[in-house]
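Scroll down for the structure; my scribbles are underneath it.
Residue numbers start from 1 in every chain, and the chains themselves are labelled A, B, ... in the order their sequence lines are given, proteins ahead of strands. Everything numeric here is computed off the predicted structure, so don't read it as measured data.
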Amino acid sequence: MLRTAIPPASLAGWQLSEDIDGAVLTALVGCGAMQQSWRFVNTGNGEAAFNMALDEALLLLHEAGAALPTLRVYGWCQPTLSLGYAQNARQEVDLAACQAQGVAVVRRPTGGRAVLHDQEVTYSVVMPLLADGPSTTTEHYRRIGMALAAALQSLGIPVHLARPQVRTAPVRTPASPACFAALSRYELSAAGKKIVGSAQKRAQRALLQHGSIPLWMDRQRLFQCLRVPPERREALVQEAYTTMGAVNEIAPTPVTLPAVQDALRQGFSTTFGVELVETSISPAEWRLAQHLRTMKYATDTWNHDGAAAWRQRQPVASV
Amino acid sequence: MEFPANLRYTKEHEWARQEGNRVVVGITDYAQKELGDVVFVELPEVGTTIEAMGTFGVVESVKAVSDLYAPVSGTIVEANTILEDQPELVNASPYGQGWMVVIEAANPEEFQQLLTAAAYQAYVAQEKSSR
């Protein structure tokens, strides 16, 4: 485990060695900037399945040594409910209500709970596991959380990193299907409300962390998309006003999407001591993302039936 | 950190224990410490055939998903379904109650090719220092 071998089921028909652009690799290695520079890419609003596929493609190709660490910012072509890897879509999501409201549903490669992406900045970070200190999951949340905090503080938002709590009982999956309903270790809160929700996919040498920074939040719509007892729905919406926050509900002056994106770039640069060079996604990354989109993230099997069901339907393949 | 001498290991941080032609598999103490509190374990159904170093499942900890890799090829003959309800056993007892699957080995030679405890311990130390 902890290894991102290219999952064979995901990559049937994909020849990694042939599809990596030699020129890109040469340029990356040749400039001697593998450690000092990260890439900053803004891929704009994307379709739900493609957004998730591209995040996984960035991780796979970075793990394979074919790309620099990357901070990506993006948005969504339509409101999208993203689910954690292990969530049961049919039990936890009202798929018919989502469709009726024009809300796309996609399962993430990462853990955690459901997020309604709409008026927000979505970030994803693909980076090597930390070398200068513990490389635990929690430590990565802390370090990336510091970068996110620096970004939001520069916009005048007084954010706090949630402190780890001493474990007194076994950790259980939280009761609410909504990500923003619970503050995890080293996630960010402002004015007592969770303001960034994040999740990870861990590989052997690298990790993907992506997350949602809402500028505005439609709590009513969130709980219409989730399967909750009808008599509890309004109470959950009201509770969400005290537990879930959005940037422009807290910022002293209205903040724009580009301002948050610029602040993120600066926050990561300062926190990790790297230069973030704005660039675009490589052709190999686009092609791998398209492949993963078709094979995985655009299928009802993955999104609705779950990861285990999707895995069972893949052809048996060896590495 | 424990590295029991009677086990073999993978560079992906699984352990393997040979019992006749069967191989019991779990994740190492080092792995569970890196991952943090495990909240979800996805294991294959009995009867599933797997390839050495192919993925056989997933663990989720602190909203982080990691793949599980099979140390040897063969057929899943047991899966520790208790972990569905008590995933925290992976943290509490990685070499004991936190075992994950038993594989009927297709090729016994693969087990011999896995890392010894000493080699795995050295690998972990080197991996940490080289990152």
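Environment of CD in A:E92: crowded, with over 12 heavy atoms of neighbouring residues, nucleotides or ligands closer than 6.0 Å. By the neighbour-count criterion of 12 heavy atoms within 6.0 Å, atom CD of A:Q91 is sparsely surrounded, having that number or fewer from other residues, nucleotides or ligands. Within 6.0 Å of CD in B:E19 there are more than 12 heavy atoms belonging to other residues, nucleotides or ligands.
In this structure the side chain of B:K63 never reaches within 4.5 angstrom of the side chain of A:R113, judged on heavy atoms. A 4.5 Å side-chain heavy-atom check between B:E60 and A:T110 finds every atom pair outside the cut-off.
A salt bridge links B:D67 with A:K201: the closest approach of a Lys/Arg side-chain nitrogen to an acidic carboxylate oxygen falls below 4.0 angstrom.
Of all heavy-atom pairs between A:T137 and B:V62, the closest is CG2-CB, 4.1 Å. In this structure, A:Y141 and B:A64 approach most closely via the heavy-atom pair OH-N, 3.9 Å. Heavy-atom minimum distance, A:T136 versus B:K33: CG2-O, 3.7 Å.
The contact between A:Q312 and chain B is made entirely by side chain atoms (from C-beta outward), counting heavy-atom distances below 4.5 Å.
Note that CD of A:Q200 is 8.5 Å distant from OG of B:S66, once rounded to the nearest 0.5 Å.
A donor atom on one side chain and an acceptor atom on the other are found under 3.5 Å apart for A:R311 and B:T55.
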